Structures are given as structure tokens and as C-alpha cells.
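This report refers to the structure that appears directly beneath it.
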Amino acid sequence: MPELPEVEVLKRSLSKNIKSKKIIKIKINNPNLRYKIPKNLSKYLKNKVVKNILRISKYLIIDFGVNKKKLLIHLGMSGTIHLVKKNNKFNTNASFYSHLDLPTKHNHVEIFLNNNLKLIYNDPRRFGFFKFLDEYFMINNLGPDPFNKEFNYNYIKNYIKNKKKNLKILLMDQKFVSGIGNIYANEIIFNCKINPTKNISKLTSKNIYDIIKNTKKVLKKAIYLGGSSIQNFSKTNGELGNFQQEFMVYGRNNKKCLRNNCKGILKKVTISNRSTFFCPICQIN
DNA sequence: CCGTTAACCTGAGAGC
DNA sequence: TGCTCTCAGGTTAACG
């Protein structure tokens, strides 16, 4: 579900609302997420003060200060975090994830804070997880953040050397660049006017510069618009993300290409089991 | 090392 | 109404 922009929006909301707050109680309703929630988590979190919220790739990191283990949260495909006022159920602007009508059935973790706020982790598919950062070594296998200056021409040129895969797979490869998922890969590639099936061994210098430029552009805009909310709840509140209204290709197969003066009809193909949308007319670079 | 596939889960929507 | 089928914002172990 959440890709870099959604996690970033969430990070900013949490920073605003729970930084410097103390955790007073933890309720784990179902520990069976992708990995079992550590047994000592509740005990560990109790009375800890949230010092900082960080994002690495699609992961949220809760920092409790010097020499304290950090908590790592991944939202998988369907994880959401929302904040509610404990008593009157008033929605805070935690992010577009906040929603009063979300079924409570999948509220797997509830964290009570001393400012009368409750943080709820809801995840129907349970692909998300909670772990201590120092016990999750896969975090070390991630490529640079797309906004990091390390993500540059020479890095890409070198990374794709002797590799044979297509551009869509490359952009979603978290070892190459971390944080891009299926929606934003599709949108970025459309912006580059490159066919998603293009083999990376054939990328031109211009292609590479376009990839860098459009990756930042698309992700920045998505963050600015509060991420993408592709799930339609029965009632919406003002806190949904808005980038889904800006989709140029994602979910738009058989529809008209939105690029100026392009008469193409968007196509959908499957790449590595993920839906891939593109315009066969204008994505030809 | 590389690239591909299956598996982990629940729910929504389509088609019958 | 209900059944079956497919698909969904992700990751990773296992395989050839």
C-alpha cells in the first residue's frame, strides 16, 4: 500500500502529534503480522518518550532517544496508522489514513499516549510488521533514498552495468533506489516518456537524467498532495490524500492518454506480477 | 551472482 | 443472494 510519499506524509503527521509524548499503555490485539510482534514490545514501549520519527524508504522509525532501541514499523500492502482522541473520537490530522469508519476488526496494535491520543495500527492483510530496528538486518540492503544526492547519474550508470532487466523492475528494486512502489514507478516512467518494458542496458544518458528528475518531481508532488488514497471508504473525510486524482496512467488501462496532443489509448501489461500501465504512443524514448 | 516465482493474508468487485 | 475468480500501494525465501 504505502509507498514513500504516503509514509513521508504519515511521518510528518506523527512528528506533529506524538513527538515528546509519553507512551502510557500498549494493547496488542493480534501479534500475528508478517512477523510476530516481539514479545517484549509492550513492556519496552511503556513509559518511553517519543523523541523523533524518521522515515527510511517505506519504513517508519520511532526513536526514543540516545542508546535506546528504535522501533521500526512497516505498513505492508494494507497497513494504516491513525490517531484518535481517546474519549471523544475526534479525528486528528494524522494523515489521510485517519478515518473514523475504518473497521476496528483489524486494529492490531493500540498505543496510548499521555496527550489523550491513541495511535491505532490497522492492517487487514497483515503484511506489515513491528520490529526493533537493530534486529531487522534487511534495512541494510536498501538503496539510496530518491532525494539523496547519492541517487545520481554515475550511481545509476554503474548500477545498471551488466544488468539485464526492464526499467519498471529497476525502479521497484529497493536495492537500487528505496521507496518507489507500483503506483509511483508507473507514474515516473510515464513522465520520462519511456516504455516500462525497455531494457536498462539500452537506457540513454538522457533517459537516466529524466529518471532522476521525474522520480523527484513525482514523489515531491505526491507528498505535497498528501499521498494517494486508492481505497474508497464508504464515507470520506477531508484527510484523504489527493494524488490519486493526478494519476496519469495508474489504473487507467483502455483510457485516453492524458499527455497533451497524444491520442494514445493506455495499455496494461503485467511485469513481474505487477500491473503496469503505459501509453504505447508517447512512451517511446 | 542473476532473474523469476510462490507465498504470506483479507476484502472488494466482477461475472455467473 | 451467493459462489468463484481475480486483483490489490510489498517483501523475501526458494528455486533454476
Side-chain angles (χ1 to χ4, degrees), chain A residues 1-10 29-37 55-60 72-81 95-97 99 101-108 121-131 136-143 146 159-189 197 199-201 218-219 222-223 225-234 240-247 249-254 268-277:
Chain A
M1 161 217 247
E3 304 180 33
L4 184 151
E6 290 75 34
V7 180
E8 178 65 24
V9 168
L10 188 53
N29 302 314
N30 183 357
N32 300 307
L33 302 183
R34 181 190 180 122
Y35 307 114
K36 211 171 185 84
I37 292 179
R55 178 190 61 75
I56 299 176
S57 181
K58 303 171 192 173
Y59 301 84
L60 273 178
L72 176 142
I73 302 172
H74 192 279
L75 303 170
M77 285 282 258
S78 59
T80 62
I81 287 178
S95 79
F96 58 95
Y97 291 124
H99 198 279
D101 297 328
L102 209 56
T104 58
K105 190 178 166 185
H106 302 291
N107 288 352
H108 306 309
Y121 179 75
N122 181 291
D123 186 359
R125 295 178 74 181
R126 285 185 277 122
F127 286 169
F129 59 88
F130 284 56
K131 263 186 182 290
Y136 183 69
F137 300 107
M138 295 302 284
I139 200 91
N140 301 316
N141 293 338
L142 294 169
Y159 189 93
I160 64 179
K161 205 187 296 170
N162 303 324
K163 287 198 175 68
K164 262 202 288 215
K165 50 176 137 190
N166 63 49
L167 177 59
K168 176 82 184 311
I169 287 180
L170 179 76
L171 278 188
M172 292 185 63
D173 174 2
Q174 304 299 303
K175 289 197 289 296
F176 169 63
V177 60
S178 63
I180 300 172
N182 200 33
I183 289 181
Y184 296 106
N186 277 296
E187 296 297 318
I188 290 163
I189 294 168
T197 62
N199 198 292
I200 56 176
S201 61
V218 169
L219 296 178
I223 293 169
L225 290 175
S228 305
S229 303
I230 59 173
Q231 256 184 323
N232 278 322
F233 297 110
S234 53
L240 296 175
N242 285 311
F243 191 76
Q244 68 278 11
Q245 286 149 28
E246 308 284 321
F247 288 168
V249 287
Y250 183 80
R252 298 195 63 250
N253 49 316
N254 298 323
K268 173 179 163 179
V269 294
T270 299
I271 295 177
S272 186
N273 268 319
R274 310 302 298 272
S275 291
T276 303
F277 307 90

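Nothing here was measured: the structure is a model prediction, and the numbers come from that model. Letters go in sequence order (proteins before strands), and every chain restarts at 1.
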Compare side-chain N and O positions of A/His106 against OP1 and OP2 of B/dC9 and report whether any pair is under 4.0 Å apart.
no
Does B/dG11 have its OP1 or OP2 closer than 4.0 Å to a side-chain nitrogen or oxygen of A/Lys105?
yes
A/Leu60 CG - C/dG9 P separation (whole Å):
20 Å
How long is the line joining CE of A/Met77 and C1' of B/dA12, in whole Å?
14 Å
For A/Phe127 and B/dC8, are the ring centres under 5.5 Å apart with planes inclined under 30°?
yes
Within the 4.0 Å heavy-atom criterion, would you say A/Tyr35 contacts the bases, only the backbone, or no part of the nucleic acid?
sugar-phosphate
Return the nucleotide paired to B/dC9: Watson-Crick means purine N1 to pyrimidine N3 with N6-O4 or O6-N4, wobble means G-U with N1-O2 and O6-N3, both under 3.5 Å.
none
Which one of A/Tyr121, A/Phe129, A/Phe127 satisfies the side chain to side chain contact (heavy atoms under 4.5 Å, CB included) criterion with A/Leu75?
A/Tyr121
If we count only N and O atoms by modelled type, under 3.5 Å, do the side chains of A/Tyr184 and A/Ser228 hold a donor and an acceptor together?
yes
If the P atom of C/dA14 is compared with that of B/dC9, how far apart are they to the nearest Å?
15 Å
From C-beta outward on A/Gln174, which listed nucleotide comes closest to its side chain: C/dT11, C/dG10, B/dC2?
C/dT11
Between A/Ser229 and A/Gly227, is there a donor-acceptor pair closer than 3.5 Å when you use the side chain of the first and the backbone of the second?
no
Considering only side-chain heavy atoms of A/Lys58, which listed nucleotide, B/dG3, C/dT11, B/dC9, is closest?
C/dT11
So, A/Tyr59 versus A/Tyr136: side-chain donor-acceptor pair below 3.5 Å or not?
yes
Measure CZ/A/Arg34 against C1'/B/dC9 and give the value in whole Å, please.
11 Å
Answer with base, sugar-phosphate or nothing: what part of the nucleic acid does A/Arg126 contact at a heavy-atom distance below 4.0 Å?
sugar-phosphate
Ignoring backbone atoms, establish whether A/Ser78 has a side-chain N or O less than 4.0 Å from OP1 or OP2 of C/dA8.
no
In whole angstroms, the gap separating P of C/dG9 from CZ of A/Arg55 amounts to 20 Å
How close or far is atom C1' of B/dG11 from atom CG of A/Asp123, stated in whole angstroms?
12 Å
A/Tyr136 OH to C/dA13 C1', straight-line distance once rounded to whole Å:
13 Å
Between C/dC7 atom P and A/Lys268 atom NZ, what is the distance in whole Å?
6 Å
When rounded to whole Å, the NZ to P distance for the pair A/Lys175 and C/dG10 reads 15 Å
The nucleotide from C/dG10, C/dT12, B/dC9 with an atom nearest the side chain of A/Arg125 is B/dC9
With a 3.5 Å cut-off and no angle check, do the side chains of A/Asn122 and A/Lys105 form a donor-acceptor pair?
no
